[in-house]
There are 2 protein chains.
Amino acid sequence: MANAIRNRMQLHQQNIQSVLAQVFNHQPISRIEISRNLALNKSTVSSLYKDLKELGYVEELGEGEASNVGGRKPVLLAINRRYGYTLNFDFGYRHLHIMQNNLSGDILSYSQVNVKNLTLNQILPLIDEQIEKAAKMGNTSHGLLGISFAIHGTVDRNQVTYSPFLIMDDVDLAKRFTEKYQVPVLLENEANAAVVYERDFNASNEHLNNILTISVHRGIGAGLIINQSLYRGTHGEAGEIGRSLQVGAGADNNTKKVEDYCSEDAIINQISEAKDNIPLNRQDVVELYQQGDEVTSRAIATFVENMAKIIVNTTNSFDPDAVFLNSPLIESLPELTSRIETAYQAMVPSISIPIKLTKNSHYATLLGGCALVTRQVLDMEDFKLNFAAQANV
Amino acid sequence: MANAIRNRMQLHQQNIQSVLAQVFNHQPISRIEISRNLALNKSTVSSLYKDLKELGYVEELGEGEASNVGGRKPVLLAINRRYGYTLNFDFGYRHLHIMQNNLSGDILSYSQVNVKNLTLNQILPLIDEQIEKAAKMGNTSHGLLGISFAIHGTVDRNQVTYSPFLIMDDVDLAKRFTEKYQVPVLLENEANAAVVYERDFNASNEHLNNILTISVHRGIGAGLIINQSLYRGTHGEAGEIGRSLQVGAGADNNTKKVEDYCSEDAIINQISEAKDNIPLNRQDVVELYQQGDEVTSRAIATFVENMAKIIVNTTNSFDPDAVFLNSPLIESLPELTSRIETAYQAMVPSISIPIKLTKNSHYATLLGGCALVTRQVLDMEDFKLNFAAQANV
DNA sequence: TAATTAGTTTGTTCAAACAACCAACTCACA
DNA sequence: TGTGAGTTGGTTGTTTGAACAAACTAATTA
């Protein structure tokens with residue numbers, strides 16, 4: 001309540017933003033409906049809308065259906081999909097994922113570029129290439145509006161603070177790209193982007209106040225929505241559950257972390273070791289499991305058990321409305337979700353929190369980044385924006 | 001942003017509350033200073049203050065010092081300490097703790113009543129007795145304003161949902177006491193009350209956005225301040241870290257919880273068992289430790305190690321600005337705090353979060369309850385209120 | 001006395017509310 | 001099929017009221 005609005009100018013500004021949020025969340029929508037939703041007089045809404053239209057963010061789509069008891073047809077308003085676009089990147093282990101979205105969150109394009117064994121400095125020109133490619137299409141009035149990067153590590157104040165899988169070479173991504181393209185550039189932890197995706201792109205999550213996603217990739221991390229907003233922690237390290245230690249294990253075992261037991265890398269290594277260190281990747285493990293391989297099926301059973309415990313521990317800490325699992329491995333073996341849920345339910349006495357699998361986790365991360373940077377572009381950071389209608393995945 | 005203020009009436013109401021918050025947090029304060037702090041015109045502040053004065057919450061204390069370059073003396077405003085009082089209870093294992101506070105959070109009285117081996121239905125008349133005793137003093141204009149109860153268990157929607165140490169006998173505390181005394185009655189988990197104490201009563205915590213308290217009593221629980229407000233979880237079960245399981249321990253060890261290793265009860269039992277089951281209490285353990293008893297000092301060393309791990313795990317999850325320990329056992333053996341901090345720092349690679357001990361943890365719980373119910377009385381739930389100046393403990 | 005600061009009084013401002021209007025539709029009924 | 005009553009969406013011109021600004025009073029220092 002420190003930076004609350006206090007005078008009429010601020011109130012006016014906020015009301016303009018509220019109207020924009022209404023257009024965003026309920027497009028196509030008429031002025032009269034906005035007036036009812038916001039409990040503002042219809043003439044007030046008309047006047048506020050006029051200001052928004054001058055900014056170019058919104059447009060009229062034409063007339064809608066009249067009420068079935070008569071009356072004038074409403075004019076339907078919507079976000080201007082030809083205003084501009086954001087570019088959203090995800091640094092995967094093998095591929096750089098790229099998504100282009102308009103101001104409303106629609107996917108304009110998706111592609112991936114092979115970056116295996118490349119250094120960051122080798123990847124940067126590939127990103128420039130993508131940005132220029134998008135600029136050449138030139139089918140919007142304002143072009144590139146913002147850029148987001150999903151980082152498989154921790155981020156604080158728009159800087160990468162820890163990146164175990166990609167050496168950063170002292171590159172300041174935000175600085176480099178803002179200076180070069182003169183648009184907002186946003187860095188966000190991959191699990192955080194994923195949980196923003198669940199909040200903003202999943203219509204069925206609209207009424208959830210507290211959401212937890214658990215990302216199982218090369219490491220393990222959690223993303224947290226608390227009271228409808230992303231919780232990053234004081235140093236951007238909230239949700240780093242993979243670094244948890246075993247309580248009660250004795251002082252000799254102080255270094256074994258959760259992600260040493262059940263990250264994707266850990267599972268693959270376990271199986272590989274049991275098989276005379278033959279090199280394996282995720283696809284190999286999936287095939288071994290489907291062939292009924294003894295070693296693999298035991299490793300997966302342990303993984304299921306440990307995942308259930310991780311869910312018990314994190315839900316005991318956060319008590320969310322729902323838990324989402326974000327894991328390419330589980331996605332490849334969908335039955336694991338219900339096995340994990342069963343194991344979890346056996347461990348908790350009373351309240352059991354629903355566990356769901358996020359499909360197409362790469363899209364989730366990119367769309368989460370899109371939602372975050374779009375808010376920044378529109379200066380709507382504190383508003384609830386529903387991108388769900390636009391997610392034609 | 002769903003329940004944002006939109007019209008001038010709501011704005012006016014909020015501004016009245018902002019002025020009240022200023023008086024509360026900076027008393028004694030003049031109108032002109034409030035005007036500067038809130039960036040509101042001084043005539044506006046004067047007018048808003050007039051409304052507040054009619055409610056009786058505030059009063060004029062007399063004149064302050066004039067500026068040293070000349071000018072009229074300011075009139076100092078403050079919270080009306082004779083408006084009324086709240087009564088705040090804490091159900092301890094041995095004692096019922098009772099505190100009476102005025103609207104500003106000053107401690108008017110503190111006492112404890114022996115309730116060992118009493119059932120809740122035997123305790124209730126003792127509470128009534130305390131309430132009547134306070135009423136007889138009758139030195140305020142509005143008398144009893146609100147009641148809070150700190151619960152050593154979980155609370156959801158003002159109902160006790162889990163109470164391992166005191167059988168609730170289906171008593172609805174909130175219902176019973178609101179109906180009987182016609183004031184707001186608030187139930188809150190003890191760790192949650194403790195963390196509210198840290199936020200509201202500790203001046204040095206004023207700028208902390210995220211605070212974590214770990215309560216070690218008969219069980220282990222955490223209290224969470226996130227973005228300056230109490231986070232209770234969807235079902236009031238956030239911070240139930242005592243129920244966490246060991247990841248990687250094998251399926252045979254699914255039931256051992258964190259609090260089975262290092263609650264106060266667990267430590268005492270460990271030592272007791274090693275000594276042919278002689279019955280021990282906390283004071284006995286403290287004395288054994290101070291006498292250098294071998295068994296006890298080994299048990300405490302393990303406790304220190306496990307506490308450090310618990311702190312690692314919870315800070316990995318929440319990434320707070322600071323951690324406060326709330327434990328009568330640690331309070332009795334103050335050197336443990338630094339031992340725990342040292343062990344913790346040895347376990348974390350980079351960012352190390354300060355660990356502090358909450359002194360007089362019973363007071364903390366009661367004052368936290370006071371802060372919560374006082375907000376409710378004043379209808380100032382969403383405002384930052386600083387009770388620190390008043391805590392003359 | 002002049003300069004300065006606190007607080008009040010009085011009149012102004014402007015964004016939201018209101019009231020009256022126009023526009024455009026449905027539906028019943030002739 | 002044509003008309004008019006009823007309904008709904010949106011605009012226009014006026015009113016309202018909380019915050020503001022300026023001019024005031026009050027009380028201080030130097």
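Values in this document were obtained by computation on a predicted structure and should not be read as measured data.
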Seminar exercise, completed: A:Leu40 atom CG is separated from C:dC18 atom P, nearest whole Å, by 11 Å

Problem set entry | From D:dA19, D:dG10, C:dT8, nucleotide with atom closest to A:Lys42 side chain | D:dG10

Exercise. Expressed in angstrom and rounded to an integer, what is the separation of B:Glu60 atom CD from C:dG7 atom C1'?
Worked result: 11 Å

For this session: Look at the side-chain N and O atoms of B:His12 and state whether any lies under 4.0 Å from the OP1 or OP2 oxygen of D:dG17.
Result: no

Filtered N/O pairs between nucleotides 5-7 of chain D and protein, under 3.5 Å:
| unit_1 | atom_1 | unit_2 | atom_2 | d |
| --- | --- | --- | --- | --- |
| D:dT7 | O2 | A:Gly71 | N | 3.0 |

Problem set entry | Whole angstrom value for the distance that separates P of C:dA15 from CD1 of A:Ile5 | 13 Å

Problem set entry | Whole-Å gap separating P (C:dA16) and CG (A:Leu38) | 12 Å

For this session: Identify which nucleotide among D:dG10, C:dA6, C:dA17 has an atom closest to any side-chain atom of B:Ile32, counting heavy atoms from C-beta outward.
Result: C:dA6

For this session: Report yes or no: is there a donor-acceptor pair, N or O only, under 3.5 Å between the side chain of B:Arg8 and the base of D:dG17?
Result: yes

Problem set entry | A:Arg232 bridged to A:Glu188 by N-O distance under 4.0 Å | yes

Problem set entry | Quiz item: A:Ser47 side-chain donor-acceptor pair to C:dA16 base, under 3.5 Å | no

Exercise. Just how far, in rounded Å, is C1' of C:dG11 from CG of B:Asn41?
Worked result: 13 Å

For this session: Find the distance A:Gln10:CD to D:dC20:P and express it as a whole number of Å.
Result: 9 Å

For this session: Give a yes or no on whether the ring-centroid distance for A:Phe177 and A:Phe149 is below 6.0 angstrom.
Result: yes

For this session: Specify the separation, in whole Å, of atom CZ of A:Arg31 and atom P of D:dT8.
Result: 19 Å

Exercise. Between C:dG7 atom C1' and B:Ile29 atom CD1, what is the distance in whole Å?
Worked result: 15 Å

For this session: Tell me what A:Val75 touches on the nucleic acid: a base, only sugar-phosphate, or nothing, going by heavy atoms under 4.0 Å.
Result: sugar-phosphate

Exercise. Does B:Thr44 have a side-chain nitrogen or oxygen under 4.0 Å from the phosphate oxygens OP1 or OP2 of D:dC20?
Worked result: yes

Problem set entry | Cationic N near anionic O, under 4.0 Å, B:Asp200 to B:Lys384 | no

Exercise. Is a side-chain donor or acceptor of A:Asn205 paired with a backbone partner of A:Glu198 at a separation under 3.5 angstrom?
Worked result: yes

Exercise. Between C:dA16 and B:Asn7, is there an OP1 or OP2 to side-chain N/O distance shorter than 4.0 Å?
Worked result: no

Exercise. Below 4.0 angstrom from OP1 or OP2 of D:dT28, is there any side-chain N or O of B:Lys73?
Worked result: yes

Problem set entry | side-chain N/O B:Ser46 vs C:dG7 OP1/OP2, d < 4.0 Å | no

Exercise. Is B:Asn15 near enough to D:dA18 that one of its side-chain N or O atoms lies under 4.0 angstrom from OP1 or OP2?
Worked result: no

For this session: Describe the nucleic acid contact of B:Ser30 in one word from base, sugar-phosphate, nothing, applying a heavy-atom distance below 4.0 Å.
Result: sugar-phosphate

Problem set entry | Carboxylate-amine/guanidinium proximity below 4.0 Å for B:Arg82 and B:Glu59 | yes

For this session: Could you tell me whether A:Phe387 and A:Phe24 have their ring centroids closer than 6.0 angstrom?
Result: yes

Problem set entry | Charged tip of A:Arg375 within 45° of A:Phe383 ring normal and under 6.0 Å | no

Exercise. Using 4.0 Å as the upper bound for N to carboxylate O, is an ion pair formed by B:Glu60 and B:Lys53?
Worked result: yes

